[in-house]
Amino acid sequence: MELPSPLLSGRLVRRYKRFFADVVLDEDGTTVTAHCPNTGTMLGLCDPGLEVWLSRSDNPKRKLPLTWELARDGGHLVGIHPLRANAVAGEALEAGRVPGVSEYDSVKREVRYGQGSRVDFLLSQEGAPDCYVEVKNVHLCREPGLAEFPDAVTARGTKHLKELSSVVAARERAIMLYLVQRQDCERFSVARDIDPAYAKALRMALDAGVEVVCLACSLSLEKIQASHSIEFSV
């Protein structure tokens, strides 16, 4: 997935009220307020002075034309925009680069299912059960090499796991795809201390037959791409 170009570099002053981030731009030293698209706590990615990159929208109706896209943590780029994760996952699915589902030739986005929900992707192939794919963006890293999800309590995420379990009960396939938007992690686990209910729901989903795929990404200031599978433990 190509990122909007060119990105503006700067240093984070503060992230506040969930959706706002003040940034000092490198190019002229001015302080701007950018939209923060990430609703989690962004644990470890909100320290003042953090190196960040912003995209600019040409939409005149936007109150905040700048959007926070990337950060640098421990020398590595991290993608903090959740919707970018869906775009990256969609490209990988359509290119047949997601393990276990490369044979599916139809990829539909945002399909209604469950109790008023929309699944991120519905895969279909003649002669095979439909496969429902839910994507979660992962950016949390508290231990070297280990990516974790979630970084905040997520009732919505727990609901999705239960709905994926229902899909399997209906004799279809369901995949929980964790897209790790950082390139310094080779393992993934659930942050059970942050959200015990989510960890329990994932364990139950696995027991019900929901599959889990964890993909790491390669990142640059121009592009984010799913690169390889990483180890998963619940």
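Residue numbers count from 1 along this sequence. Just so it is clear, the structure is predicted and the values come from calculations on it, not from any experiment.
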Identify the two heavy atoms, one from Leu215 and one from Ala226, that lie closest to each other, and give their separation to 0.1 Å. CD1-CB, 4.2 Å

All salt bridge (charged side-chain N to carboxylate O under 4.0 Å, His left out) counterparts of [X], not counting sequence neighbours:
X: Arg118; result: none
X: Glu103; result: Arg173
X: Arg156; result: none

For the atom pair [atom1] ([X]) and [atom2] ([Y]), what is the distance rounded to the nearest 0.5 Å?
X: Glu172; Y: Leu123; atom1: CD; atom2: CG; result: 11.5 Å
X: Arg18; Y: Thr39; atom1: CZ; atom2: OG1; result: 5.0 Å
X: Leu66; Y: Leu54; atom1: CG; atom2: CG; result: 5.5 Å
X: Leu70; Y: Leu77; atom1: CG; atom2: CG; result: 6.0 Å

Tell me if a side-chain donor or acceptor on Ser55 pairs with a main-chain N or O of Pro4 at a distance below 3.5 Å.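 No, Ser55 side chain to Pro4 backbone: no donor-acceptor pair under 3.5 Å.
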
Tell me whether [X] shares a hydrophobic cluster with [Y], the cluster being built from Ile, Leu, Val, Met, Phe, Trp, Tyr side chains joined at under 4.5 Å.
X: Trp53; Y: Val24; answer: no
X: Val167; Y: Val213; answer: no
X: Val153; Y: Leu161; answer: no
X: Leu122; Y: Ile175; answer: no
X: Val52; Y: Leu64; answer: no

Any chance the side chains of Asp22 and Thr31 put a donor and an acceptor closer than 3.5 Å?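 Not at all, the side chains of Asp22 and Thr31 share no donor-acceptor pair under 3.5 Å.
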
With sequence neighbours excluded, tell me which residues meet ring-ring contact (aromatic ring centres under 6.0 Å, His included) with Phe19. none

Between the side chains of Lys223 and Glu91, is the shortest nitrogen-to-carboxylate-oxygen separation below 4.0 Å, so that they form an ion pair? no

For [X], all residues meeting side chain to side chain contact (heavy atoms under 4.5 Å, CB included), sequence neighbours excluded:
X: Thr30; result: Leu25, Asp28, Val32
X: Arg62; result: His35, Ser57, Asn59, Thr67
X: Glu222; result: Ser220
X: Glu126; result: none

Could you pull out all donor-acceptor pairs under 3.5 Å where a side-chain atom in residues 138-150 meets a protein atom, sequence neighbours excluded?
{"from": "His139", "atom 1": "ND1", "to": "Asn38", "atom 2": "ND2", "distance (Å)": "3.4"}
{"from": "His139", "atom 1": "NE2", "to": "Asp151", "atom 2": "OD2", "distance (Å)": "3.1"}
{"from": "Arg142", "atom 1": "NE", "to": "Glu148", "atom 2": "OE1", "distance (Å)": "2.8"}
{"from": "Arg142", "atom 1": "NH1", "to": "Asp193", "atom 2": "OD2", "distance (Å)": "2.9"}
{"from": "Arg142", "atom 1": "NH2", "to": "Glu148", "atom 2": "OE1", "distance (Å)": "3.3"}
{"from": "Arg142", "atom 1": "NH2", "to": "Glu148", "atom 2": "OE2", "distance (Å)": "2.9"}
{"from": "Arg142", "atom 1": "NH2", "to": "Asp193", "atom 2": "OD1", "distance (Å)": "2.9"}
{"from": "Glu143", "atom 1": "OE2", "to": "Arg187", "atom 2": "NH2", "distance (Å)": "3.2"}

Using side chain to side chain contact (heavy atoms under 4.5 Å, CB included), reason through Met42 and Trp68 one step at a time and then give a plain yes or no. CA-CA 12 Å; Met42 294 182 62; Trp68 186 358; 3.4 Å; yes

Can you tell me if Lys159 has over 12 outside heavy atoms packed within less than 6.0 Å of its NZ? yes

Anything under 3.5 Å between a donor and an acceptor, one on a side chain of residues 194-210, the other on a protein residue two or more places apart or in another chain? List them.
{"from": "Asp195", "atom 1": "OD1", "to": "Ala197", "atom 2": "N", "distance (Å)": "3.3"}
{"from": "Asp195", "atom 1": "OD1", "to": "Tyr198", "atom 2": "N", "distance (Å)": "3.1"}
{"from": "Asp195", "atom 1": "OD2", "to": "Thr154", "atom 2": "N", "distance (Å)": "2.8"}
{"from": "Tyr198", "atom 1": "OH", "to": "Tyr178", "atom 2": "OH", "distance (Å)": "2.7"}
{"from": "Arg203", "atom 1": "NH2", "to": "Asp207", "atom 2": "OD1", "distance (Å)": "3.4"}

Quick test of your reading: applying side-chain hydrogen bond (donor to acceptor under 3.5 Å, both in side chains), list the pairs with at least one residue in residues 73-89, sequence neighbours left out, ordered by first then second residue.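 Only Glu69-Arg84, Asp73-Arg182, Asn86-Asp120 qualify under side-chain hydrogen bond (donor to acceptor under 3.5 Å, both in side chains).
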
Evaluate side chain to side chain contact (heavy atoms under 4.5 Å, CB included) for Gln181 paired with Ile80, printing each intermediate quantity in order. CA-CA 7 Å; Gln181 278 203 76; Ile80 67 97; over 6 Å; no

Could you check Asp26 against Arg11 for side chain to side chain contact (heavy atoms under 4.5 Å, CB included), going step by step and ending with a plain yes or no? CA-CA 7 Å; Asp26 289 337; Arg11 297 285 173 170; 4.3 Å; yes

Walk me through it: do Ser227 and Ser218 pass the test side chain to side chain donor-acceptor pair (under 3.5 Å)? CA-CA 6 Å; Ser227 58; Ser218 60; 5.1 Å; no

Quick one: side chains of residues 128-136, donor-acceptor pairs under 3.5 Å with protein atoms, not counting sequence neighbours, listed by atom name and distance.
{"from": "Glu134", "atom 1": "OE1", "to": "Tyr113", "atom 2": "OH", "distance (Å)": "3.4"}
{"from": "Lys136", "atom 1": "NZ", "to": "His160", "atom 2": "ND1", "distance (Å)": "3.0"}

Using the side chain to side chain contact (heavy atoms under 4.5 Å, CB included) rule, take Arg112 and Ser117 through it: C-alpha gap first, then chi angles, then the decisive distance, then the call. CA-CA 6 Å; Arg112 291 185 180 276; Ser117 295; over 6 Å; no

